[in-house]
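Each remark here refers to the structure printed beneath this line.
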There are 2 protein chains.
Amino acid sequence: MKFVASFPDTLVKGYRPGRVPRAVRSEQLLDLADRLFAERGFHAASMDELARRAGVSKPVIYDHFDSKEQLFATCVRRTGELLADRVATAVREESDPRARLRAGSIAYFRFLQDQLQAWIVLFDDEEMRDARFAAEASRIRRRQSDLMIHLMAETSGTAPDHEGRTRLEAMTLAIAGAYESLSLWWHKHPEVPPEELADWLLDLIWPGLEQLTKHLAASP
Amino acid sequence: MKFVASFPDTLVKGYRPGRVPRAVRSEQLLDLADRLFAERGFHAASMDELARRAGVSKPVIYDHFDSKEQLFATCVRRTGELLADRVATAVREESDPRARLRAGSIAYFRFLQDQLQAWIVLFDDEEMRDARFAAEASRIRRRQSDLMIHLMAETSGTAPDHEGRTRLEAMTLAIAGAYESLSLWWHKHPEVPPEELADWLLDLIWPGLEQLTKHLAASP
DNA sequence: CACAGTAACCTACCACAAGTAGGCTACTAA
DNA sequence: TTAGTAGCCTACTTGTGGTAGGTTACTGTG
């Protein structure tokens, strides 16, 4: 009875107090953590508050996740995978290489537009938000990079040699960094539509990228 | 006497115990903080340890800097300004636009190579380092972006209209992001020489960049 | 020279948040 | 009925950013 009585009005709607199965609690905690990190940023979000919002005590959280960092990483990774899916899906709907890249880019920016809440934690800079996110941001970049490499290999047909692959990896990662940085800029210029962003970026990198694929296909 | 007696061997060489003028203490603290942040990362670096290394008590630090974040920001900003200077100097030594960009790029990567220690905090991802650096990293990107815009305006002669400037700002920031991300990759492939990195990146972005300047010069 | 004013510094503390030890409650299955 | 366990809690420890308030030594002025 102490248990039930200890839930005043700090309870988040949609979650009733009391015992729930482990899997459900996990999902609930992840959802709430996502929102909390988005609102406050990593540093300012406290595990106590997460516990309060979930209507649960702190050790419960630590029974599901090893640490605050691991919880954060899990949240970000989930979102990153969703993003990768969206982009991959959009890419698969086109066949011409440039059109594929364009479709992927648009999907990327549209996703950011939708998930702005959750994304701010990773990309906002204006407000001095804390973040232990380098590893996760990097993971996402790598994912986008892999996707690009895969796409290029698929359309060019030939496989580059070792040195070529090294260079290609470097360049796709650089491009992924450009996307990331552009997203950041976009955050302060939301009036620009995703399609225009994509076109700008395509005009910038496509000539060099096309040249690069030709170069790599010719060398081995 | 308590004062002098309280310095066992935790003292960093080159700094004698005892009272020193404010300006000297400030510089000393900044230098030590730079090293400490580089070693441990923002989160794991504690103010207590900084105090210990400086052979000083914590309030002394807070008499010089408002907070840990402000101290960190000051360190990073100092390094960022040094970087900008190096790049700008290198750029000024060339006249052909492409050669200028190349020279700037090489200077950029050379600087990272030298200052690797101090730079890890900002760019390393493999190790889960903490960082409250989004704002500072962004400031550095903006600096590089401004430099590029300046350089392009200088060489093209004409000034773009409002929409053109918006697009140009977005694209140069994207490019700065690409440099940043490439630096990160480089950290795991240090065998690639700076000149090669610069050439890779130039081959990738120069065609699009040249096209962009022409486009912007033609529209108004 | 005396001594006020101040610069540089200290000890001892607070607040707050991550993470833990150990125990309680209620469901389930034999 | 009762053993086992899943889910949960209260009450703590630890570590670290930051502060209050006092002490020491240097410096310029009567």
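Keep in mind it's a predicted model, so treat the numbers as computed, not measured.
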side-chain hydrogen bond (donor to acceptor under 3.5 Å, both in side chains) with A/D63: which residues, sequence neighbours excluded?
A/R22
Between atom NE2 in B/H64 and atom P in C/dA7, what is the gap in whole Å?
12 Å
Quick one: side-chain hydrogen bond (donor to acceptor under 3.5 Å, both in side chains) partners of A/D199, sequence neighbours excluded?
A/R102
Give the ring-plane orientation class for A/Y179 versus A/F109, where under 30° counts as parallel, over 60° as perpendicular and anything between as tilted.
parallel
Can you name the side-chain contact (heavy atoms from CB on, under 4.5 Å) partners of B/R165, sequence neighbours left out?
B/P160, B/H162
Between C1' of C/dA7 and CG of B/D63, the distance in whole Å:
9 Å
Apply side-chain contact (heavy atoms from CB on, under 4.5 Å) to B/R86 and list each qualifying residue two or more places apart in sequence or on a separate chain.
B/F111, B/D114
Expected rows: protein N/O vs nucleotides 16-19 of chain C N/O, under 3.5 Å:
from, atom 1, to, atom 2, distance (Å)
C/dA18, OP1, A/A45, O, 3.4
C/dA18, OP1, A/K68, NZ, 2.7
C/dA18, OP2, A/M47, N, 2.9
C/dA18, N7, A/K58, NZ, 3.2
C/dG19, OP2, A/Y62, OH, 2.9
C/dG19, OP2, A/K68, N, 2.9
C/dG19, N7, A/K58, NZ, 2.8
C/dG19, O6, A/K58, NZ, 2.8

Under 4.0 Å, counting only non-hydrogen atoms across every strand here, what does B/P59 touch: a base, just sugar-phosphate, or nothing?
base
For A/F65 and D/dC8, what is the distance between atoms CZ and C1' respectively, to the nearest whole Å?
16 Å
Using whole Å, what does the distance between atom C1' of nucleotide D/dT16 and atom CZ of B/F37 come to?
13 Å
So, is A/R25 close to the D/dC8 phosphate, meaning a side-chain N or O under 4.0 Å from OP1 or OP2?
yes
Nearest to the side chain of B/R19, which nucleotide is it out of C/dC9, C/dT25, D/dC9?
C/dC9
Starting at atom CD of A/E27, determine the distance to atom C1' of D/dG7, rounded to an integer number of angstrom.
18 Å
Let me know the distance between CD of B/Q70 and C1' of D/dG18, rounded to the nearest Å.
14 Å
Residues which pass side-chain contact (heavy atoms from CB on, under 4.5 Å) with B/A153, listed by chain and number, not counting sequence neighbours:
none
